[in-house]
A.B. asks: 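Pasting a structure below so you can have a look.
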Amino acid sequence: MSIPQFGVGTFRLQGQVVIDSVRNALEVGYRAVDTAQIYGNEAEVGQAIAESGVARSDLFLTTKIWVDNYSRAKLIPSLQDSLKKLRTEQVDLTLIHWPAPGNGVELNEFMTALAEAKAQGLTRQIGISNFNIALTQQAMAAVGKGEIATNQIELSPYLQNAKLTAFLKEQGIQTTSYMTLAYGKVLKDAVLAEIAQKHGATVAQVALAWALQLGYAVIPSSTKRENLASNLLAQNLKLDADDMARIAQLERNGREVNPEGLAPAWD
């Protein structure tokens, strides 16, 4: 089962704000929703889905295990708790949120616990987030190469991660891009603005279309219904070779998220 190319993210959205965002996203046509234990909004996401009228079988739901729950004793109970909050018996995808190399739980322990969660039917697919090449190799060794559905990583025109994404493609692991708009920084980019004007598109649509054309899945978030609807139209935008070449030149290793103790040594 493949990862949907386009979903809605819920990072930093809380309470009624996330309920409204997910409801609006589902109403304008999104069918994939991404959350995480640490976001503190799984219950609200579950509520929005339950009230949406969209059948659970039509949705692709992703959550992520937080570092406090990596031990074999905690991982599955924590996922069961997430399922209760999300009001579902099974999520479609569960990720290890950060490799957290200094966390005191070995990678082999949390990856095999995650594989056990899949074996118990708590999640249809498993994957990783924020893993570098070496740690991705270790994760594959722990659970089997074909078991890692995706590596969800920060990617934007300012952080293109060419080495890691090439490795993932080689291994048949889907790249999921988060923070594709670099906290809104790319929206002010003159090159992207020129490309957007050429196509009669928004800068956000150009950045998202760039990621989609490279084969990545995207999960942008917004609190505004009109932006959610507009972002979705990136799927219809076809950038030409010149556009893609110009965007390739924007690489500046502009990483926005790099928490000490959680992040790996990046490639």
Side-chain angles (χ1 to χ4, degrees), residues 2-12 32-39 60 62-67 70 92-101 103 107 110-111 114 125-143 145 147-186 204 207-221 231 234 247-248 250-267:
S2 63
I3 309 287
Q5 285 279 169
F6 216 103
V8 66
T10 61
F11 176 54
R12 289 189 160 180
V33 182
D34 180 276
T35 184
Q37 293 175 342
I38 195 62
Y39 296 175
F60 190 98
T62 300
T63 195
K64 309 176 200 80
I65 305 291
W66 187 241
V67 294
Y70 282 5
D92 298 286
L93 176 64
T94 304
L95 307 178
I96 294 295
H97 204 151
W98 286 92
N103 191 40
L107 181 146
F110 60 68
M111 287 309 302
L114 187 62
Q125 297 186 87
I126 60 173
I128 53 182
S129 184
N130 302 299
F131 278 46
N132 64 11
I133 291 173
L135 292 171
T136 302
Q137 288 170 321
Q138 288 176 41
M140 288 190 296
V143 298
K145 178 177 170 178
E147 286 298 299
I148 309 289
T150 192
N151 187 3
Q152 186 180 119
I153 55 175
E154 182 188 345
L155 274 175
S156 77
Y158 291 166
L159 179 72
Q160 300 190 19
N161 247 320
K163 195 174 171 187
L164 176 56
T165 55
F167 170 78
L168 294 172
K169 189 174 183 180
E170 217 174 77
Q171 299 300 320
I173 296 172
Q174 173 73 57
T175 294
T176 300
S177 162
Y178 74 80
M179 226 161 274
T180 317
L181 307 181
Y183 275 146
K185 287 180 182 174
V186 302
L208 293 166
W210 162 80
L212 291 169
Q213 278 182 227
L214 290 172
Y216 311 151
V218 295
I219 46 170
S221 66
N231 287 346
I247 297 171
L250 298 178
E251 170 69 281
R252 57 175 75 167
N253 199 30
R255 191 175 297 283
E256 301 293 331
V257 184
N258 194 26
E260 194 179 340
L262 300 181
W266 299 108
D267 298 299

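The model shown is predicted, which means the values in this text are computed figures rather than measured ones.
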A.B. asks: Supply the atom-to-atom distance Q125 CD to D92 CG, rounded to the nearest 0.5 angstrom.
C.D. replies: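 Separation between the atoms: 7.5 Å.
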A.B. asks: Going from CG on N161 to CG on L168, what distance comes out if it is rounded to the nearest 0.5 angstrom?
C.D. replies: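 That separation rounds to 8.5 Å.
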A.B. asks: Distance-only, no hydrogens or angles: does the Q174 side chain make a donor-acceptor pair with backbone N or O of G215 under 3.5 Å?
C.D. replies: yes
A.B. asks: Which atoms form the tightest heavy-atom contact between A182 and S156, and what is the distance?
C.D. replies: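 It is CB-OG, 3.8 Å.
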A.B. asks: If we ignore hydrogens and angles and just use 3.5 Å, is the side chain of N132 paired with the main-chain N or O of A265 as donor and acceptor?
C.D. replies: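 It does hold such a pair.
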A.B. asks: For T180 versus A211, what's the shortest heavy-atom pair and its separation?
C.D. replies: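 Closest approach of T180 to A211, heavy atoms only: CG2-CB, 4.0 Å.
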A.B. asks: Please examine the side chains of I148 and Q171, heavy atoms only from C-beta on, and report whether any two atoms are closer than 4.5 Å.
C.D. replies: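 Of all side-chain heavy-atom pairs linking I148 with Q171, none is under 4.5 Å.
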A.B. asks: Can M179 and V186 be said to form a side chain to side chain contact (heavy atoms under 4.5 Å, CB included), step by step?
C.D. replies: CA-CA 10 Å; M179 226 161 274; V186 302; over 6 Å; no
A.B. asks: Using every non-hydrogen atom in the two residues, find where Q37 and W66 come nearest and quote the distance to one decimal.
C.D. replies: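 Heavy-atom minimum between the residues: OE1-N, 2.8 Å.
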A.B. asks: Check whether N103 reaches the backbone of V67 with its side chain - one donor and one acceptor, N or O, closer than 3.5 Å.
C.D. replies: yes
A.B. asks: Output the distance between atom OH (Y216) and atom CD (Q5), rounded to the nearest 0.5 Å.
C.D. replies: 11.5 Å
A.B. asks: Would you mind telling me which of H97, Q152, M111, K64 makes a side chain to side chain contact (heavy atoms under 4.5 Å, CB included) with I128?
C.D. replies: M111
A.B. asks: Please examine the side chains of Q160 and W210, heavy atoms only from C-beta on, and report whether any two atoms are closer than 4.5 Å.
C.D. replies: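 Yes, their side chains come closer than 4.5 Å.
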A.B. asks: Within the structure provided, determine whether T94 and I65 are in side-chain contact (heavy-atom separation under 4.5 Å).
C.D. replies: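 Yes - at least one pair of side-chain heavy atoms lies under 4.5 Å apart.
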A.B. asks: Contact between V257 and W98 at the side-chain level, heavy atoms closer than 4.5 Å - yes or no?
C.D. replies: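 Result yes, sub-4.5 Å side-chain heavy-atom pair found.
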A.B. asks: In Å, rounded to the nearest 0.5 Å, how long is the span from CG of L164 to CG of L159?
C.D. replies: 9.5 Å
A.B. asks: Between T150 and T176, is there a side-chain donor-acceptor contact under 3.5 Å, judged purely by atom types and distance?
C.D. replies: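 The criterion, which ignores hydrogens and geometry beyond distance, is satisfied for T150 and T176.
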A.B. asks: Quick one: pull up CD1 in I219 and CG in N231 and give me the separation to the nearest 0.5 Å.
C.D. replies: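 Rounded to the nearest 0.5 Å, the CD1-CG separation comes to 12.5 Å.
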A.B. asks: Given side chains that start at C-beta, do those of D34 and Y39 come closer than 4.5 Å, heavy atoms only?
C.D. replies: yes
A.B. asks: What are the two closest non-hydrogen atoms of N151 and F131, and how far apart are they?
C.D. replies: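 The pair with the smallest heavy-atom distance is ND2-O, 2.9 Å.
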A.B. asks: Can you check whether I153 reaches T165 side chain to side chain, under 4.5 Å on heavy atoms?
C.D. replies: yes
A.B. asks: I need the S177 OG to L208 CG distance, nearest 0.5 Å.
C.D. replies: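 Spacing of OG (S177) from CG (L208) equals 8.0 Å.
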A.B. asks: Using side-chain heavy atoms (C-beta onward) and a distance below 4.5 Å, is V143 in contact with L114?
C.D. replies: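 Not touching, per the 4.5 Å side-chain cut-off.
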A.B. asks: What are the two closest non-hydrogen atoms of Y158 and E251, and how far apart are they?
C.D. replies: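 Heavy-atom minimum between the residues: O-OE1, 3.0 Å.
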A.B. asks: Would you check if there is a donor-acceptor pair between the side chains of W266 and N258 at a distance under 3.5 Å?
C.D. replies: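 Indeed, the side chains of N258 and W266 share at least one donor-acceptor pair under 3.5 Å.
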A.B. asks: So which atom in L181 and which in A207 form the shortest heavy-atom distance, rounded to 0.1 Å?
C.D. replies: CD2-CB, 3.6 Å
A.B. asks: Find out whether P99 and N130 are in side-chain contact, i.e. whether some heavy atom of one side chain is under 4.5 Å from a heavy atom of the other.
C.D. replies: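 The answer is yes, as the side chains (C-beta and beyond) meet within the 4.5 Å cut-off.
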